[in-house]
*Asks:* 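Once you've had a glance at the structure underneath, I'll fire off some questions.
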Amino acid sequence: MEFLNFLNQEPFRFLLAFGVVLFLTLNLAAILVMGERKVAGYIQLRYGPNRVGPRGLLQPLADIIKLFTKENISPGKADLWIFLGAPIAMFIPVAAVWLVIPFAPGAVVADINVAILFFVAVTSIGALGVIMAGYGSRSNFSLLGALRGAAQMISYEVPLILSLLGVVMLTGSLSLVDVVNAQGGGFWNWYVVLQFPMFIVFYISALAETKRVPFDLPEGESEIVGGYMIEYSGMTWGLIQAAEFAGMGLMSGISVTLFLGGWQPPLEFLDLGQFNWVWFGIKTALIMFTFQWIRWSLPRLRMDQLMDLGWKVMVPLTLVWLVITAAAMLVF
Amino acid sequence: MTIVFGFLAGMMLISALGVVLSRNVVHSALFMSGSFFAVAGFFVMLSAPALAAFQLLIYVGAVTVVILFGIMFTQQPQVRSFSTIVNKQVWAGLAVALGVGGFLSYILATEDWGATEAGQGTRDVAAFGEYLLGVGPGSEIFAMLFQLVAILLFVAVIAAIVISRRKDTDVESASDVREVGE
């Protein structure tokens with residue numbers, strides 16, 4: 001294996017890891033779509049997709065083949081560059097943030113010292129993609145969906161960022177690797193214990209940022225028939241879907257990294273060394289399942305309820321908890 | 001390094017020209033986000049990843065989005081003709097651009113930069129924060145400016161709430177009248 005050592009050197013290591021992460025993101029999206037349909041099926045007492053392959057497990061493959069062979073239609077009056085650029089502008093930020101998440105000890109593509117800031121900054125670009133999609137389609141429903149989406153994403157960015165600050169204060173670092181290392185030695189050391197209100201706020205904001213039920217007003221099938229993605233078809237639509245589902249996986253991964261110990265095992269004797277990514281995977285999958293569980297259990301909020309929850313409940317709550325955290329750090 | 005610099009500079013110039021020359025105001029706003037991206041790239045090259053992240057967060061994620069939001073709420077995006085873009089202020093604009101460019105070039109040429117090179121600075125967030133706020137050795141004027149800007153923003157937010165609330169009371173009184181009428 002000597003000849004493979006060059007892969008550990010800088011440009012090659014980064015390119016290889018980047019390819020792996022991109023592969024992971026796209027596949028995660030495809031598999032989550034199937035997971036979503038399966039979970040929906042079992043929650044509604046039916047089987048979900050069960051025709052393609054054993055127990056319907058090859059459904060993602062069939063979906064992808066269908067999407068790739070479908071024609072890409074764009075409206076005649078669409079602003080073509082913006083229309084086609086929007087899915088890319090939605091997908092790239094989601095894929096880029098995966099680069100800073102530590103999967104196992106030492107297994108992180110880019111260990112930058114401002115990883116949390118990078119996550120916040122890059123996810124905020126996602127709103128641009130939503131607006132581009134809504135404007136580029138030149139359709140009233142699309143524009144309405146985009147306006148709702150942008151308003152929602154800007155509003156919930158505030159509690160999202162504020163809820164991270166408690167963890168940053170406790171760790172004293174903006175690096176996700178440091179955050180995970182600080183949570184070692186058993187599940188009682190995870191930040192979810194000390195920062196439980198912040199975890200709840202982060203979780204709800206993550207639901208809103210990924211535009212999932214109960215915050216799916218930008219999509220709103222029953223009122224604006226799909227929002228900013230009405231006019232998309234084929235692989236452009238597929239890319240938007242991939243961005244949404246990968247974003248859901250990403251938010252789960254980030255909340256696991258920040259609050260649930262990342263790759264740290266729940267008890268110390270369960271340490272798997274380099275294979276600790278199994279723990280990261282299990283925890284992330286559990287959070288993703290709760291996202292889907294909520295989707296098939298709750299109704300959609302109204303716009304004013306959405307704004308009330310964001311600005312009148314979650315922002316004050318995070319501010320109060322920040323002060324409490326600071327005071328506790330000063331005393332202990 | 002040179003290739004990356006060339007790419008970023010080209011991206012920035014093309015985006016900036018796009019902002020000015022684009023005939024559609026939404027395209028202008030999107031070109032502006034491209035220009036902001038290039039600035040963030042320069043910050044990364046200068047070993048200031050924190051500043052680059054703030055650039056993305058504030059300018060691309062907030063300013064551009066709010067501008068687009070405002071455009072969509074207030075007006076139908078319309079196509080401008082080139083004669084309104086290249087209007088009579090072209091010479092004044094050129095003079096201002098040349099003046100600012102000349103001033104920056106003068107500083108760049110006359111200042112002694114020592115052994116500073118791109119990518120050689122410290123990536124420490126703590127040091128960056130201290131420089132930004134001006135604490136530690138040196139004057140604390142930047143910390144003062146931060147406080148002033150914070151107060152300014154606070155006043156602006158309250159003013160915005162006051163302005164938008166006035167409509168609310170109008171609506172409420174109107175509905176009161178209707179209830180009385182019924």
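Chain naming here is simple, since letters A, B, ... match the order of the sequence lines and numbering starts at 1 in each.
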*Asks:* Can you name the closest pair of heavy atoms from B:Ala50 and A:Val114 and give their distance?
*Replies:*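 What the structure gives for the nearest pair is CB-CG1, 3.9 Å.
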
*Asks:* Given heavy-atom pairs under 4.5 angstrom as the criterion, report whether the side chain, backbone, both or neither of A:Leu147 touches chain B.
*Replies:*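 For A:Leu147, heavy atoms of backbone and side chain both lie under 4.5 Å from chain B.
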
*Asks:* Should we count CZ of B:Phe42 as having more than 12 external heavy atoms under 6.0 Å?
*Replies:*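 Counting other residues, nucleotides and ligands, CZ of B:Phe42 exceeds 12 neighbours.
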
*Asks:* Quick one: does A:Ser124's side chain get under 4.5 Å of B:Val60's, heavy atoms only?
*Replies:* no

*Asks:* Measure the spacing between CG of B:Leu56 and CD1 of A:Ile125 and express it to the nearest 0.5 Å.
*Replies:* 4.5 Å

*Asks:* In terms of heavy-atom proximity below 4.5 Å to chain B, should A:Ala151 be classed as side chain, backbone, both, or neither?
*Replies:* both

*Asks:* So for A:Ile154, is it side chain, backbone, both, or neither that comes closer than 4.5 Å to the heavy atoms of chain B?
*Replies:*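 When you check distances to chain B, only side chain atoms of A:Ile154 fall under 4.5 Å.
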
*Asks:* Tell me, do B:Val65 and A:Met153 make a side-chain contact under 4.5 Å, heavy atoms counted?
*Replies:* no

*Asks:* Near B:Leu104 CG, under 6.0 Å, is it more than 12 heavy atoms from other residues, nucleotides or ligands?
*Replies:* yes

*Asks:* Quick one, B:Leu68 and A:Tyr135 - any side-chain contact, counting heavy atoms below 4.5 Å?
*Replies:*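 With C-beta onward as the side chain, the pair stays apart.
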
*Asks:* Are any of the side-chain heavy atoms of A:Ile131 and B:Leu30 separated by less than 4.5 Å?
*Replies:*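 Side-chain contact under 4.5 Å: no.
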
*Asks:* Check the surroundings of atom CZ in A:Phe103: do more than 12 heavy atoms from other residues, nucleotides or ligands lie under 6.0 Å from it?
*Replies:*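 Yes.
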
*Asks:* Please look at B:Phe37 and chain A and tell me whether the side chain, the backbone, both or neither of the residue comes under 4.5 angstrom of a heavy atom of that chain.
*Replies:*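 Looking at B:Phe37, just its side chain touches chain A.
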
*Asks:* Could you look at A:Ile82 and say if it's the side chain, the backbone, both or neither that has a heavy atom under 4.5 Å from chain B?
*Replies:*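 Interface part for A:Ile82: side chain.
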
*Asks:* Does A:Asn140 have more than 12 heavy atoms from other residues, nucleotides or ligands lying within 6.0 Å of its CG?
*Replies:* no

*Asks:* Over all heavy atoms of both residues, which pair between A:Phe118 and B:Ala53 is shortest? Give the atoms and the distance, please.
*Replies:*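 Looking at all heavy atoms of both residues, the shortest contact is N-CB, 4.4 Å.
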
